[in-house]
Amino acid sequence: MSTLPNGVRYIPDYLDRARQETLVEAIRAIVAEAPLFVPVMPGTGKPMSVRMTNCGPLGWVTDKERGYRYQPIHPVTGKPWPAIPADLLQLWTDIAGYEKPPEACLVNFYADDARMGLHQDKDEKDLGAPVLSISLGNTCLFRVGGNNRSDRTLSFKLSSGDIVVLGGEGRLCFHGVDRIYPATSTLLKNGGRINLTLRRVT
């Protein structure tokens with residue numbers, strides 16, 4: 001494990017191939033119940049390049065009219081989100097170091113041409129809890145900075161099975177995904193990358 005300058009923890013190769021495959025199967029079951037949808041930016045309505053869904057009591061969504069928020073139902077199906085799989089809850093227990101369980105797991109699917117601009121995870125009421133991020137599938141170039149958008153950033157590659165924890169002074173750091181490297185993993189049959197983000201909300 002390495003700790004980056006602003007307190008962000010990077011844990012490479014934490015999940016072996018078998019655990020990665022187990023998580024992918026769990027995510028497939030979640031997507032079957034709560035299909036991936038294309039989120040759009042508040043105000044402009046511009047679609048993001050990722051597709052997403054959630055599991056847990058709450059799910060993170062965004063739309064043109066109401067913006068970024070958490071809600072208990074899928075914005076398309078109107079049904080409650082599926083439960084967070086036990087394997088993910090165990091990862092939170094083992095790594096997060098926080099006494100309360102996560103309430104949301106955001107599932108982002110990146111096609112090979114997708115990316116995510118620099119942003120903060122700040123829609124949660126409980127900012128004392130860390131954010132735990134799990135990478136599955138193709139390698140990405142991850143960029144992280146400080147608590148101001150203008151702060152200096154550094155970039156490093158995240159491979160399948162890697163984990164990043166945003167906590168402490170790094171909880172509100174700006175971060176993003178600059179690119180996906182195609183054909184760097186055989187985990188997902190059709191390529192791409194899945195990012196799972198466990199969060200405590202209330």
Side-chain angles (χ1 to χ4, degrees), residues 1-2 8-39 48-60 74 76-77 79-98 101-116 121 130-142 144 155-167 175-200:
M1 182 184 75
S2 60
V8 175
R9 286 189 289 154
Y10 166 48
I11 315 173
D13 302 318
Y14 188 84
L15 299 173
D16 62 22
R17 178 71 181 218
R19 292 183 76 184
Q20 293 175 42
E21 290 173 349
T22 297
L23 282 180
V24 169
E25 288 304 311
I27 296 307
R28 284 201 180 105
I30 287 164
V31 170
E33 189 176 342
L36 294 168
F37 61 95
V38 179
M48 294 184 178
S49 62
V50 299
R51 291 184 292 155
M52 66 175 53
T53 189
N54 292 270
C55 56
L58 295 170
W60 187 87
H74 192 289
V76 178
T77 68
K79 297 179 179 178
W81 305 104
I84 298 176
D87 287 346
L88 289 176
L89 295 175
Q90 188 61 52
L91 282 173
W92 178 269
T93 299
D94 293 344
I95 298 172
Y98 196 74
E103 294 170 297
C105 178
L106 176 61
V107 180
N108 278 336
F109 177 75
Y110 291 77
D112 287 337
D113 60 351
R115 63 194 65 218
M116 181 75 71
D121 291 354
V131 172
L132 193 154
S133 175
I134 302 157
S135 293
L136 298 170
N138 283 340
T139 298
C140 78
L141 184 64
F142 181 73
V144 62
S155 299
F156 58 97
K157 291 181 179 179
L158 290 179
S159 301
S160 195
D162 291 356
I163 289 177
V164 170
V165 183
L166 307 181
H175 58 284
V177 171
D178 287 340
R179 64 170 297 189
I180 306 295
Y181 297 93
T184 46
S185 170
T186 59
L187 182 67
L188 305 178
K189 288 185 292 187
N190 297 318
R193 171 181 182 259
I194 293 172
N195 179 239
L196 307 175
T197 310
L198 290 162
R199 301 170 179 172
R200 178 78 191 178

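The structure presented is a predicted model; accordingly, all values stated were derived computationally and were not measured.
In this structure, SG in C140 is found 11.5 Å from CZ in R115, a value given to the nearest 0.5 Å. In this structure, L196 CG and I27 CD1 are separated by 4.5 Å, a value rounded to the nearest 0.5 Å. Put simply, NZ on K189 and CZ on R28 are 5.0 Å apart, with the number rounded to the nearest 0.5 Å. Atom-to-atom distance recorded for L88:CG and L132:CG is 9.0 Å, nearest 0.5 angstrom. Rounded to the nearest 0.5 angstrom, L141 CG and Y181 OH are separated by 4.0 Å. Taking CZ from R199 and CG from D121, the interatomic distance works out to 4.0 Å, rounded to the nearest 0.5 Å.
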**OP:** Dump the intermediate steps for side-chain contact (heavy atoms from CB on, under 4.5 Å) on Y10 and V144, then the final yes or no.
**Re:** CA-CA 11 Å; Y10 166 48; V144 62; over 6 Å; no
**OP:** Determine, step by step, whether Q90 and D87 satisfy the side-chain contact (heavy atoms from CB on, under 4.5 Å) criterion, reporting the C-alpha distance in whole Å, the side-chain angles of both residues, the deciding distance to 0.1 Å, and the verdict.
**Re:** CA-CA 5 Å; Q90 188 61 52; D87 287 346; 5.7 Å; no
Original post:
When you look at V50 and M116, which way does the side-chain contact (heavy atoms from CB on, under 4.5 Å) test go after all the steps?
Top reply: CA-CA 8 Å; V50 299; M116 181 75 71; 3.9 Å; yes
**OP:** I would like to know whether L187 and R17 meet side-chain contact (heavy atoms from CB on, under 4.5 Å); could you show each step before the answer?
**Re:** CA-CA 8 Å; L187 182 67; R17 178 71 181 218; 3.9 Å; yes
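The aromatic rings of W81 and H74 sit tilted relative to each other, their planes meeting at an angle between 30° and 60°. The aromatic rings of F142 and H175 sit tilted, their planes meeting at an angle between 30° and 60°.
The heavy-atom pair separating V177 from Y110 by the smallest distance is CG2-OH, 3.7 Å. Taking every heavy atom of both residues into account, P130 and G167 meet most closely at CB-CA, 4.1 Å. Across I84 and E103, no two heavy atoms sit closer than the pair CD1-C, 4.2 Å. The two residues R200 and P101 have their closest heavy-atom pair at NH1-O, 2.8 Å. Between C55 and I30 the shortest heavy-atom distance is SG-CD1, 3.6 Å. In this structure, F37 and W60 approach most closely via the heavy-atom pair CZ-O, 4.5 Å.
Side-chain contact, N195 with S133: a donor N or O sits under 3.5 Å from an acceptor N or O. Side-chain contact check for T184 and R193: no donor-acceptor pair (N or O, by modelled atom type) lies under 3.5 Å.
Of the possible polar contacts, one joining the N138 side chain to the S185 backbone as a donor-acceptor pair under 3.5 Å is found. Side-chain N or O atoms of Q20 include none that pairs as donor or acceptor with a backbone N or O of L136 at under 3.5 Å. Put simply, the side chain of S160 gets close to the backbone of G137: a donor and an acceptor are under 3.5 Å apart.
Counting heavy atoms from C-beta on, the side chains of D13 and D162 come closer than 4.5 Å. When side chains are defined from C-beta on, L158 counts as touching F156, because their heavy atoms get closer than 4.5 Å.
Other residues, nucleotides and ligands place no more than 12 heavy atoms under 6.0 Å from the CG atom of N190.
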